[in-house]
Structures are given as structure tokens and as C-alpha cells.
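I have placed the structure first, in the form of C-alpha cells, so that the comments after it can refer back to it.
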Amino acid sequence: MAKLSAINKNNKRIKLAEKYYKKRKNLKKIIMDKKLSFEDRFKAQQKLSKLPRNSAKIRVRNRCQITGRPHGVYRKLKISRIALRQLGLEGKIPGMVKSSW
């Protein structure tokens, strides 16, 4: 089990990223538009830099939903390889059986 503080910090980042998503997207669109004047793009850049750092989507860490483990996490399932194996062995995942050869 991961530290509770690390899990809570990541959850806070997820909420901030969702909250500021549209605002960041609009500012980035203005910054990348070469047809606008340099001053307008520079103002948009300053507004973007004033937003909280943790509101960036890139700062969110993929963590297991069950254990909070940050490494070895399957994106589609949102659980770690260890938790997946444990659930498979308990028979809680339909169609998944232990491999042997």
C-alpha cells in the first residue's frame, strides 16, 4: 500500500487538472496561433504561467486504484500488475486463469 499522503496529493492534482482543463486549452490555443499579435500571445503565456502548476495534466501520476502503487499500472484497467494477479487468482476477473506450461 502506498503512502496515503502520496495518494491524496495525486487525487488533488487530478481535481485541479479537471478544473483548469478548458482554461489551459484555450490559453494554449491562443499561444500557438501565429496569426495573433505577439503582445496577445505573450499575455496569454503570462496568464498560463499564473495558473497552479498542479493543474497541468502531465503532473498527474498513474496509480493503482486498489493499492495506490505508482509502478506497473495497466492504463485500461487502472490497477497494478500485482493487484491484477491477486484478483485473477481469487477468481474475481472473468475469463482470467493462471497460466502454466
Side-chain angles (χ1 to χ4, degrees):
M1 192 72 184
K3 286 176 66 174
L4 199 58
S5 61
I7 295 170
N8 290 338
K9 187 189 299 184
N10 199 50
N11 290 340
K12 186 178 178 183
R13 286 177 177 166
I14 291 169
K15 288 177 188 172
L16 273 174
E18 289 171 357
K19 180 180 177 183
Y20 286 100
Y21 177 75
K22 286 185 181 178
K23 193 171 193 177
R24 291 182 74 87
K25 188 176 179 183
N26 290 336
L27 287 172
K28 284 185 179 186
K29 188 182 275 188
I30 292 170
I31 293 167
M32 297 304 289
D33 190 4
K34 302 290 182 187
K35 294 177 184 174
L36 295 175
S37 68
F38 178 77
E39 290 80 23
D40 291 339
R41 291 173 35 214
F42 186 71
K43 285 179 185 176
Q45 180 71 43
Q46 286 180 324
K47 285 181 184 177
L48 185 66
S49 66
K50 292 243 196 276
L51 294 178
R53 275 189 176 176
N54 285 337
S55 67
K57 184 181 169 187
I58 196 75
R59 293 184 59 108
V60 174
R61 183 84 168 114
N62 284 340
R63 287 188 171 269
C64 176
Q65 295 292 311
I66 299 168
T67 62
R69 180 181 165 84
H71 296 288
V73 178
Y74 292 101
R75 288 182 187 165
K76 284 187 177 180
L77 304 174
K78 295 185 179 177
I79 59 175
S80 67
R81 60 185 176 82
I82 298 167
L84 178 69
R85 184 174 190 270
Q86 192 63 39
L87 290 173
L89 289 174
E90 292 172 3
K92 294 185 178 177
I93 301 177
M96 187 175 199
V97 291
K98 187 171 181 248
S99 176
S100 61
W101 59 91

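The first residue in the sequence is number 1, and the count goes up from there.
The distance from atom NZ of K28 to atom NZ of K23, rounded to the nearest 0.5 Å, is 14.5 Å. Rounding to the nearest 0.5 Å gives a distance of 11.0 Å between CD of Q46 and CG of L48. Taken to the nearest 0.5 Å, the CG atom of L27 stands 5.5 Å off from the CD1 atom of I30. Distance check: R61 CZ to R13 CZ gives 10.5 Å after rounding to the nearest 0.5 Å. Between L87 atom CG and L77 atom CG the span is 10.0 Å, to the nearest 0.5 Å. To the nearest 0.5 Å, the span separating CD1 on I79 from CZ on R85 amounts to 13.5 Å.
The minimum heavy-atom distance between S55 and R24, with the atom names listed, is OG-NH1, 3.0 Å. Contact record, I31 with A44: CG1-CB, 3.8 Å, taken as the closest heavy-atom pair. Here the closest heavy-atom approach between residue R41 and residue L36 is recorded as CD-O, 3.9 Å. Here the closest non-hydrogen pair linking K57 and A17 is CA-CB, 4.2 Å. Nearest heavy atoms, N62 versus V73: O-CG2, 4.0 Å. Residues Y74 and S80 come closest through the heavy atom pair CD1-C, 4.4 Å.
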Review point. Hey, mind stepping through Q86 and I66 against side-chain contact (heavy atoms from CB on, under 4.5 Å) and telling me if it holds?
Key: CA-CA 11 Å; Q86 192 63 39; I66 299 168; over 6 Å; no

Exercise for review: Run the numbers on I14 and E18 for side-chain contact (heavy atoms from CB on, under 4.5 Å), then give the verdict.
Suggested key: CA-CA 6 Å; I14 291 169; E18 289 171 357; 3.7 Å; yes

Point to revise | K12 and N54: CA distance, side-chain angles, deciding distance, side-chain contact (heavy atoms from CB on, under 4.5 Å) verdict | key: CA-CA 8 Å; K12 186 178 178 183; N54 285 337; 5.9 Å; no

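At least one side-chain heavy atom of R69 sits under 4.5 Å from a side-chain heavy atom of R81. Between L84 and M96 there is a side-chain heavy-atom pair separated by less than 4.5 Å.
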